[in-house]
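Proteins get letters first, then strands, A, B, ... in listed order; numbering begins at 1 in each. Scope of the values below: all heavy atoms of this structure, side chains included, with no hydrogens, waters or symmetry mates.
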Amino acid sequence: MSGLSKRYGSVQAVADLSFSVEAGRVTGFIGPNGAGKSTTLRMLLGLVRPDSGTASFNGHAYAQLEHPAGHVGAVLEDASFHPGRSGRNHLRVLAAAGSHPPGRVDALLERVGLATAADRRVKGYSMGMRQRLGLAAALLGDPEVLILDEPANGLDPPGIRWIRGLLRTEAERGRAVLVSSHLLSELAQSVDDVVVIAGGELRASGPVEQVLGGANDPVTRVRSQDPRLLIAALRECGHAIEIESAGGLIVRGATPEEVGRVAADQRVALVELGAATRSLEDAFLELTAAAS
Amino acid sequence: MKALLHAELIKLRTTRTFAALAGAALGTSLLLTALVSLLTEPTQDSVLVDVFASDTSSLFILVLAVVGVSGEWRHRTIAGSLLAAPRRLHFLAAKTLAFVAAGFLLSVSIYVAVAVVGFVILSVRDLPLPQAGELVELIARGALIAALLGAFGVCLGALVRNQVVAIVGVLVLSFLLEPLLLGLVPEVGRFGPFVALPTAAIDISPEAVGLGDADLVAPGPAVLLMLAWIGAAFAAGGALLRRRDLE
C-alpha cells in the first residue's frame, strides 16, 4: 500500500501510510487501540474508500481481482455471521460466491475443528468457534494472501497455539500473511516482520529483529570473569554501559563483534556475548509512546 | 454473476425467515380462498377474482426482499458479502435477481395451491369455476408482479439500512399512504408502486381490492412503470451502496 490516508471528520484515522507485505512471511501489524489498524485493513480490502493513496495485491486493487477470494482471504475483527444459518451453510454461501469446489467446505470445517458443530446454527457458537469459522471462510479459496484482524480474539490457549501454527504453515507454503493483534506476546512468537502504527502513522516496519534491536542503535549483553577491566576498556572506547543485577553488562552503541574485539584486546574471558533485543512489548511501547 | 446468484439463492434457503414468511403467505392465501369459497356464492363473472386472486405472496416477497438486504446490515454480514463480491453493483444485481426468482416461484406455488383448494371447494358446492385460460393468465400476471416487487424490495432495502425502519416504512406506504394518495390525489396515486401499479398490472378491478373506483393505468404501461420504479430504486440504492464505507 502506498500513501493511504483516511479522515473521519476531524479525526485523521490513517495518514500517508505505506508498507508492503512479502510472500512467505508473516507480518505483524501492531498499534494501540484506535491506531488505524482496522481502517487500514478495510481500505486494503476495498471496504473503506481511502481519501488518497492506493492499496493493491501484486498491482491490482482488491475489487479488480478476477477471483478475489482465490487471491486474498480475510478475517475481520468483527466478522459476523447470520445467527440463524449453520456454519456449514455459511461456508456453502461463500464457496458458491467464490466458485470454490463444494468439497472445500467439509475439508475446512475439519481443518478448523468445527466438523462436529458444522450443522449447528451460528448463534450457538462460542466466540472462539466463530473465529475458527471466519478462518475457514478466509481459507476457502486457498488464497495467496491472508489478512487476519485480531484472529486470536476469543481463542483459548490451545486455540492460540493452533493459530500460530496455522500462520507459520501458510507462510511456509509461500503465502503472504498480514496479521494484526493487540496481544503482543502472540505475535512475538509468530511473525517474521512487523509494521507498527500509532495515530494512523507508520512508526516502524521491517524484520522483527531489526525493529526490536534497533539497527541504528545496537545493544549488546556481555558477561565476563573480570567485569571491571572490561567496563574500563569499553568506556575508553566511548560506549555507554549499564550494569545488570545478575552481573551482566548492557553495552549501548556496540555490536557483539565490537565488544568481543575489545574483550580480546584486553585478554578478558567472556562467559556470555550476544545482541540484547527489546521485547516486542518494549518496542511497541517505545515506538507508540508519542501517540498515547 | 451466476456464482453470486447461486450464493444468494443459498442464503435464501438456509435461514428460517424465508420459510416462515413463505409459510405465512401460503397460509393466509389458503385461508382467504377457503373462507371465500365456503362462505360466498361467486358468479361465473366474479369467481376468478373473488376466489382465485387471494395470493398474498406479493406483500410477503416485498417484505422478504427488504429483510434480505437490510439483514446484511443488521447482522453485519455485509462486509463478508462484499469481500466475496467486491463489485458492489454485481452483488446488488445478484440479490435482486434472487428475489425476482423467489417472488416468481413463491407466487406460482401459492396460486397453484389456491387453485387446487378453490377448485375442490367450489366443485363440491357445485358453484361456477373459472376458465382454465383466465386462471393461467391470472397466475402469470400475479407471478410477474411478485417478481417485480421482489426486485423493488431489494432496492428499497439497499436504500434504507435500518431493518425496522425499512419494514415499517414499506407497510405504511402499502397500507396507508399509497391508498390514501390514490383516494385524495388519484392522478398521482395511480402511479404508486406498492398498490396501484401492481393492481393495474394484474388487471383486476380496483373495487375487488378495496381501491374503490380508482382510475388505474392499463396493465402494459403498469408493468413498464413498475420497471421504471425498480430502475430508479436500483440506481439510487446502488449508488448509495457503492459510496458507503463499511467500518
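Ring centroid separation for the pair A:F81 and A:Y125 does not come in under the 6.0 Å cut-off. When ring centroids are compared, B:F194 and B:F152 come within the 6.0 Å threshold. Within the 6.0 Å centre-distance limit, the rings of B:F119 and B:F52 are counted as a close aromatic pair.
For A:L65, the part lying under 4.5 angstrom from a heavy atom of chain B is the backbone only. Of the two parts of B:A79, the backbone and the side chain both hold a non-hydrogen atom closer than 4.5 Å to a non-hydrogen atom of chain A. Residue A:L45 touches chain B through both its backbone and its side chain, counting heavy-atom pairs closer than 4.5 Å.
Contact detail for B:V195 and B:T199: the closest heavy-atom pair is O-OG1, 2.7 Å. Here the closest non-hydrogen pair linking A:S99 and B:A3 is OG-CB, 3.4 Å.
By number of non-hydrogen pairs under 4.5 angstrom with chain A, the leading residue of B:I78, B:L82, B:I10 is B:I10. The most heavy-atom pairs under 4.5 Å with chain B, out of A:K6, A:Q64, A:R49, A:H90, come from A:R49. Ranked by heavy-atom pairs shorter than 4.5 Å toward chain B, the options A:A137, A:P68, A:G98 are led by A:P68.
Interface with chain A: from residues 13-32 of chain B, residues B:R13, B:T14, B:T15, B:R16 qualify, criterion being any non-hydrogen pair under 4.5 Å.
The pair A:R92-A:D106 does not count as a salt bridge, with every side-chain nitrogen at least 4.0 angstrom from each carboxylate oxygen.
Side-chain N/O atoms of A:S38 and A:D149 include a donor and acceptor closer than 3.5 Å. Judged by distance alone, the side chains of A:S5 and A:D51 never bring a donor and an acceptor atom under 3.5 Å apart.
Between B:H75 and A:H82, the ring planes lie tilted relative to each other; the angle falls in the 30° to 60° range.
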